[in-house]
Amino acid sequence: MADAGNMNRLPAPDVGVAAITDNPWLRQVAVMVGIAASVALGVAVVLWSQAPNYAPLYGNLAEKDASQIMEALQQTGVDYRVDEASGMLLVPSAKLKEIRMQLAGQGLPNSVGMGFELMQQDTGFGTSQMVEKARYQQAMQGELARTIATIGAVQSARVHLAIPKQSVFVRKRQPPSASVALRLHTGRVLEDGQVEAIVHLVASSIPELEPSRVTIVDHKGRLLSGSQESREMKLSATQFEHTRRIEDHYRDRIESLLAPIVGRDKVRAQVTADVDFTVTEQTQERYNPDQPALRSEQVNEEQSRLAGAGGVPGALTNQPPAAGNAPEVAQGGGADGAGGQPLNTSRQATRNFEIDRVVSHTRMSPLSLRRLSVAVVVDDVAVAAADGAVTVRERTPEEIERLTALVREAIGYDARRGDSVRVMNSSFLTPEPVADLPEAPMWEQGWFIDIVKQVGGLLLVLVLIFVVLRPTLKRLTATHAELVGESGGAGGGAARVEGPLGAERGEGEENMLLGSDGEPIQLPGGGRYENIMDAARQLVDEDPKRVAQLVKTWMGEEAA
């Protein structure tokens with residue numbers, strides 16, 4: 001009994017070597033292929049989970065620009081992809097802004113064309129003047145296109161300049177012209193003011209280019225400049241816009257004045273302005289006859305003496321007198337002069353008088369406010385009771401009159417002009433509360449996809465390890481007896497089966513013999529009857545004494 005109880009288990013063969021040598025070669029190859037495929041799949045999953053998300057770099061790139069950008073990305077070592085469906089360049093979304101800034105530093109994309117960079121390129125020796133002028137014109141077109149593309153609604157622009165060669169003769173000179181083709185962003189339109197701004201921008205950049213000779217067309221072929229509206233219609237639109245600004249100005253003044261009194265959301269005002277845009281010019285000439293002014297005076301005065309008749313008539317009398325000597329002492333004469341001869345005096349005066357005259361030329365302002373009509377609506381007054389309840393009441397006529405007086409002062413009320421102001425009290429409807437914008441779901445966040453990829457990749461790797469690799473390695477390194485035992489246990493046999501050698505075997509112990517001490521004896525060959533018999537014969541041949549002792553032990557137990 002003691003010898004039987006102290007019997008050692010039979011030595012088991014090497015587990016790894018025996019398992020590999022016992023398995024068929026086809027099964028071994030299949031298991032190794034499965035292991036390799038599982039490892040490759042796990043590596044692929046890890047790489048996929050760590051791969052970054054890609055976002056479009058630019059949209060609607062020309063093929064030339066796309067090739068230049070691809071070359072620049074290759075030189076900088078940036079990973080990129082090309083979408084096979086749309087042909088768009090995709091780059092890691094985490095580095096999208098950084099990559100765009102790097103490309104902008106290199107002047108990419110240059111769909112709008114190059115500007116004055118063309119003048120910096122070396123053209124070589126012997127370039128003609130015509131080529132230089134063409135390069136300068138192309139550089140100007142590129143610079144204008146870049147400037148126009150900075151407008152928010154414009155995606156890209158192209159400018160064509162037609163600058164004729166000027167003649168030395170003034171009559172034969174031809175004015176330049178320009179045309180601009182615009183590509184607008186989706187859903188965007190250019191306002192009239194923006195179109196006028198582009199027209200004047202181009203006209204101001206080219207010498208002697210008039211705004212009327214600039215044509216602007218969008219990418220849908222619509223003419224944006226030089227519309228068929230008459231000058232009167234454009235003037236009417238300008239006048240309407242100016243009138244609207246006046247009305248907005250007065251409305252803001254009224255609401256800003258009454259808001260601290262009645263509440264910011266409890267007053268509404270509307271103003272209608274009647275504006276006269278008539279241009280009046282007046283020339284006036286006025287005279288003042290009561291205050292004549294001497295402008296010029298001319299006086300002419302003449303004096304002469306009449307000589308008396310004397311001497312003998314005849315030829316001698318007509319002879320000139322002989323030279324005489326003046327006496328030292330003058331002889332006295334009469335009152336009329338010497339010899340008493342008469343004196344003849346003649347005096348003429350011409351005076352020019354100018355009447356006071358005022359000439360004035362007056363040009364009246366083209367903007368004249370003829371009449372204002374103001375309508376103001378105020379809400380009821382909220383009154384808080386002692387218990388905290390809030391009630392509303394209508395405003396009294398005195399309060400309405402006070403508000404009316406404030407409005408009149410705010411707009412500069414003029415009764416002679418025919419202004420009218422009406423203030424009315426009415427209950428305002430309580431506006432419905434504006435619901436907050438719903439937050440974007442977690443699965444729509446940018447970081448959620450990265451986390452899901454990493455967590456999913458980790459779970460998939462764990463599943464491959466514990467579900468595929470571990471059972472495969474366990475079966476590859478298991479003995480043949482363990483494999484047979486597992487298959488028998490899985491088959492669901494009886495809980496206790498009487499062995500062919502008389503020992504009772506429990507569930508999962510079909511391949512074991514129990515010794516006298518109850519300890520199992522490991523037998524090679526599996527749990528089949530033929531295998532057990534072969535193992536027993538081999539045991540008898542190797543150690544007959546031990547087998548004999550075991551048989552005696554069994555017989556003693558049966559006798560007892």
Side-chain angles (χ1 to χ4, degrees), residues 14-59 61 66 69-70 73-100 102-103 437-493 507-508 526:
D14 189 5
V15 176
V17 177
I20 295 177
T21 55
D22 292 341
N23 291 330
W25 65 271
L26 184 61
R27 182 171 170 230
Q28 295 179 20
V29 172
V31 171
M32 297 300 294
V33 171
I35 293 175
S38 301
V39 173
L41 182 59
V43 172
V45 169
V46 172
L47 294 178
W48 171 78
S49 62
Q50 298 297 328
N53 292 328
Y54 286 84
L57 181 59
Y58 292 107
L61 278 176
I69 292 176
M70 290 174 60
L73 294 178
Q74 291 176 359
Q75 293 177 357
T76 55
V78 177
D79 184 20
Y80 68 92
R81 295 180 182 178
V82 180
D83 189 1
E84 297 181 356
S86 61
M88 299 178 63
L89 288 177
L90 304 178
V91 296
S93 57
K95 300 181 179 180
L96 179 61
K97 295 183 178 179
E98 180 181 356
I99 294 173
R100 286 182 176 177
Q102 293 178 357
L103 294 176
L437 293 177
E439 297 183 359
M442 185 177 61
W443 56 84
E444 294 183 2
Q445 302 290 337
W447 52 267
F448 182 77
I449 299 177
D450 296 335
I451 294 179
V452 168
K453 289 176 62 176
Q454 295 179 2
V455 174
L458 179 61
L459 293 178
L460 190 55
V461 170
L462 294 178
V463 169
L464 288 175
I465 293 174
F466 291 101
V467 177
V468 179
L469 293 179
R470 184 179 179 185
T472 302
L473 293 176
K474 185 177 180 181
R475 291 181 63 86
L476 181 63
T477 57
T479 61
H480 185 67
E482 292 176 352
L483 293 175
V484 175
E486 291 177 1
S487 63
E507 183 178 0

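All figures in this text were calculated on a predicted structure; none of them were measured in a lab. Positions are given from 1, in the same order as the sequence printed here.
Using a 4.5 Å heavy-atom threshold, the side chains of Leu89 and Val82 count as touching.
Between the CD atom in Gln102 and the CD atom in Gln75 there is a gap of 12.0 Å [rounded to 0.5 Å]. Rounding to the nearest 0.5 angstrom, the gap separating the CG atom in Leu57 from the CG atom in Leu96 is 6.5 Å. Here the straight-line distance linking atom OG1 of Thr76 with atom CG of Leu103 works out to 7.0 Å at 0.5 Å rounding. Interatomic distance, Ile69 CD1 to Arg100 CZ, rounded to the nearest 0.5 Å: 10.0 Å.
Contact detail for Asp79 and Pro92: the closest heavy-atom pair is O-CD, 3.2 Å.
The side chain to side chain contact (heavy atoms under 4.5 Å, CB included) check on Ile451 picks up Trp447, Val455, with sequence neighbours excluded.
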